[in-house]
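A, B, ... follow the sequence lines: proteins, then strands. Residue 1 opens every chain.
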Amino acid sequence: MCGRYTLRTNPQRIAEQFELAELPLLTVRYNIAPSQSVGAIYATRNSSGSIVRRWAEFSWGLLPAWSESSTGGQRPINARSETAAEKPTFREAFRRRRCLIPADGFYEWRREGKEREPFYFTLRDEGLFAFAGLFEIWQAVPGQASPDDVASCTILTTEANGLLREFHDRMPVILEPQDYAAWLDPTVEDAARVQPLCRSLDAEKMQHWPVSQRVNGPKRDEPECIRPFRQPRLFD
DNA sequence: CCAGACGTTGTT
DNA sequence: GTCTGG
DNA sequence: CCAGACGTTGTT
DNA sequence: GTCTGG
C-alpha cells in the first residue's frame, strides 16, 4: 500500500511550502518506486538552538540501524503509524527521525480477481502534500560516518478513508500543513505527542482516476502514467 | 540461557 | 512459488 | 507497488 | 539494539 507516487511540483513551490532555506535539487517524477532515491525534509537544531529544515535524499525502504549488512534483509516501504513507536525496527526513528516526504499524487491498484487496475490519487486541486515518513542512517562503520552509510526511509500508513476503502484497508498518512512543524521537531521525543497527527485524510479532500498499466513498470517514469485511462470493456 | 527475528499489504 | 531489483 | 529473475564455471 | 521463541 502506497508503493508508488509522483512528485512533479517545481523546486520553488516545494521550498515555499516546506519553508526550506535552499531550493531542493530534483527532477519531475511520475513514477517513484521502492528502492529508489526519494526527496524528504527533516529538521535539526543548530548551535543557537533554532530548528533548521533540511532537504535530503533517502532510499525508499527502511534499512534498520542494526542490520548486519546494507544488502539483503527486509526493507519495509511502509510502517503502521499505530504501532511503529513500539516496533524495534521503527521505534528510534519514530522518536528522533521523522520526516516529510513531499508528493503530489500516489497510485493504488484495484484487484478484481486476477486483474489489477491502477488508479491515481491526488488532492482535489492536485496540490503538493506530504507523507509522514521515518528515516534511518545505517552506518557501515558503527559510530562514525563513512561513504558506505545508507540513508533510508519509510512511509507511515493509517486506516483507509472512504475513498481508499474500496481499494485497501490502509492508506498513507498525509499530514496537515499545520502539523508539519510538530512532526519534524526532533526535540519532541515523546511518540505519544506526534502519533495523533497520523490520521486519515478526509476523502472529500481527494480525487482519483484510473490510469493505464503503463505505471506498472517501475522504469516507466513519464507523464502518460497519470493520464486518465478507461480500460477497454468487452461489451460496451 | 542462546538463537533468531525484527515489516507491510492482501490473500487463502 | 518466492525473492530481488527498480 | 509491480516486473523480472530464479544458475554455474570460467573467461573477458 | 531489543524482543520473542525454544
Side-chain angles (χ1 to χ4, degrees), chain A residues 1-7 27 29-39 57-97 101 103 105-122 131-144 149-150 152-161 164-174 189 191 198 200 208 210-222 224-226 229 231:
Chain A
M1 143 62 302
C2 195
R4 300 289 179 89
Y5 70 94
T6 65
L7 184 57
T27 58
R29 297 293 308 277
Y30 293 89
N31 193 359
I32 298 170
S35 82
Q36 297 177 352
S37 177
V38 304
E57 293 203 353
F58 298 131
S59 165
W60 185 12
L62 191 139
L63 180 67
W66 40 259
S67 296
E68 290 192 4
S69 86
S70 61
T71 59
Q74 298 290 3
R75 298 285 299 266
I77 63 170
N78 297 124
R80 294 178 67 93
S81 59
E82 300 91 334
T83 57
E86 286 84 44
K87 299 280 187 184
T89 299
F90 304 119
R91 190 175 57 193
E92 278 306 298
F94 203 106
R95 267 167 52 84
R96 295 139 49 82
R97 288 182 292 276
I101 299 174
F106 61 94
Y107 300 97
E108 295 289 352
W109 281 256
R110 181 162 69 192
R111 292 177 157 81
E112 294 177 31
K114 290 178 185 173
E115 302 298 310
R116 292 174 182 218
E117 185 184 10
F119 283 72
Y120 184 53
F121 291 77
T122 70
F131 294 126
L134 305 177
F135 68 97
E136 188 63 81
I137 311 293
W138 180 87
Q139 296 190 313
V141 182
Q144 77 179 58
D149 291 354
V150 177
S152 63
C153 67
T154 193
I155 293 174
L156 292 168
T157 66
T158 185
E159 189 180 358
N161 66 21
L164 271 296
R165 193 85 208 177
E166 84 178 87
F167 294 77
H168 293 304
D169 290 345
R170 311 286 300 170
M171 67 177 285
V173 172
I174 294 171
E189 297 191 359
C198 296
S200 309
H208 74 309
V211 295
S212 78
Q213 301 280 343
R214 191 184 309 262
V215 71
N216 289 11
K219 286 185 275 192
R220 305 297 291 275
D221 189 351
E222 51 208 19
E224 287 76 14
C225 288
I226 66 170
F229 178 80
Q231 300 287 347

Point to revise | Intra- and inter-strand pairs of DNA chain B in dot-bracket (Watson-Crick or G-U wobble, both distances under 3.5 Å; | for another strand) | key: ||||||......
Are any protein N/O atoms closer than 3.5 Å to N/O atoms in nucleotides 3-6 of chain B? If there are, list each pair with its distance.
unit_1 : atom_1 : unit_2 : atom_2 : d
B:dC6  : O3'    : A:T89  : OG1    : 2.8

Could you tell me how far apart [X] ([atom1]) and [N] ([atom2]) are, to the nearest whole angstrom?
X      : N      : atom1 : atom2 : value
A:Q139 : E:dG1  : CD    : P     : 12 Å
A:R4   : D:dC2  : CZ    : C1'   : 5 Å
A:R220 : C:dG6  : CZ    : P     : 17 Å
A:E136 : B:dG7  : CD    : P     : 13 Å
A:N31  : C:dG5  : CG    : P     : 19 Å
A:Q74  : C:dT2  : CD    : P     : 14 Å
A:W60  : B:dT8  : CH2   : C1'   : 12 Å
A:K114 : B:dT12 : NZ    : C1'   : 15 Å

Point to revise | Value rounded to 0.5 Å, distance of CG in A:L134 from CZ in A:F90 | key: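 Here the rounded value is 7.5 Å.
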Review point. Just how far is it from atom CZ of A:R80 to atom CD of A:E86, taken to the nearest 0.5 Å?
Key: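 Here the interatomic distance stands at 12.0 Å.
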Exercise for review: Step by step, work out the side chain to side chain contact (heavy atoms under 4.5 Å, CB included) result for A:R165 and A:M171.
Suggested key: CA-CA 8 Å; A:R165 193 85 208 177; A:M171 67 177 285; over 6 Å; no
Check your understanding: In terms of ring plane angle, is the pair A:F121 and A:F106 parallel, tilted or perpendicular, where the classes change at 30° and 60°?
Key ->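 Rings of A:F121 and A:F106: parallel, under 30°.
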Practice item. For the pair A:T6 (side chain) and A:R29 (backbone), establish whether a donor and an acceptor sit closer than 3.5 Å, ignoring hydrogens and angles. Key: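 Not a single qualifying donor-acceptor pair exists.
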Using a 4.0 Å heavy-atom cut-off, does [X] contact any base of the nucleic acid, only the sugar-phosphate backbone, or nothing at all?
X     : answer
A:A65 : nothing
A:P76 : sugar-phosphate
A:I77 : base
A:T83 : sugar-phosphate
A:F90 : sugar-phosphate

Point to revise | Steps toward side chain to side chain contact (heavy atoms under 4.5 Å, CB included) verdict (A:H208, A:F167) | key: CA-CA 11 Å; A:H208 74 309; A:F167 294 77; 3.8 Å; yes
Please confirm whether the shortest side-chain N or O distance from [X] to OP1 or OP2 of [N] is below 4.0 Å.
X      : N     : value
A:R170 : B:dT9 : yes
A:R75  : B:dT8 : no
A:S67  : E:dG1 : no
A:T154 : B:dG7 : no

**Study point:** Sequence-distant partners of A:Y107, side-chain hydrogen bond (donor to acceptor under 3.5 Å, both in side chains), two or more places apart
**Key:**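 Applying side-chain hydrogen bond (donor to acceptor under 3.5 Å, both in side chains) to A:Y107 gives none.
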Point to revise | Heavy-atom pair of closest approach, residues A:A84 and A:F94 | key: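 That closest heavy-atom pairing would be CB-CD1, 3.6 Å.
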Point to revise | Gap in Å between the two P atoms, one belonging to B:dA5 and one to C:dT4, rounded | key: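 Between the two P atoms, the distance is 14 Å.
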Exercise for review: Kindly indicate whether the side chain of A:Q36, heavy atoms from C-beta on, has any atom under 4.5 Å from the side chain of A:W60.
Suggested key: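 A side-chain contact is absent here, since even the closest heavy-atom pair is not under 4.5 Å.
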Review point. Can you find a side-chain donor-acceptor pair between A:S37 and A:E57 that sits under 3.5 Å?
Key: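 A:E57 and A:S37 do have a side-chain donor-acceptor pair below 3.5 Å.
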**Study point:** From B:dT9, D:dC2, E:dC3, nucleotide with atom closest to A:P218 side chain
**Key:**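 Of B:dT9, D:dC2, E:dC3, D:dC2 is nearest to the side chain of A:P218.
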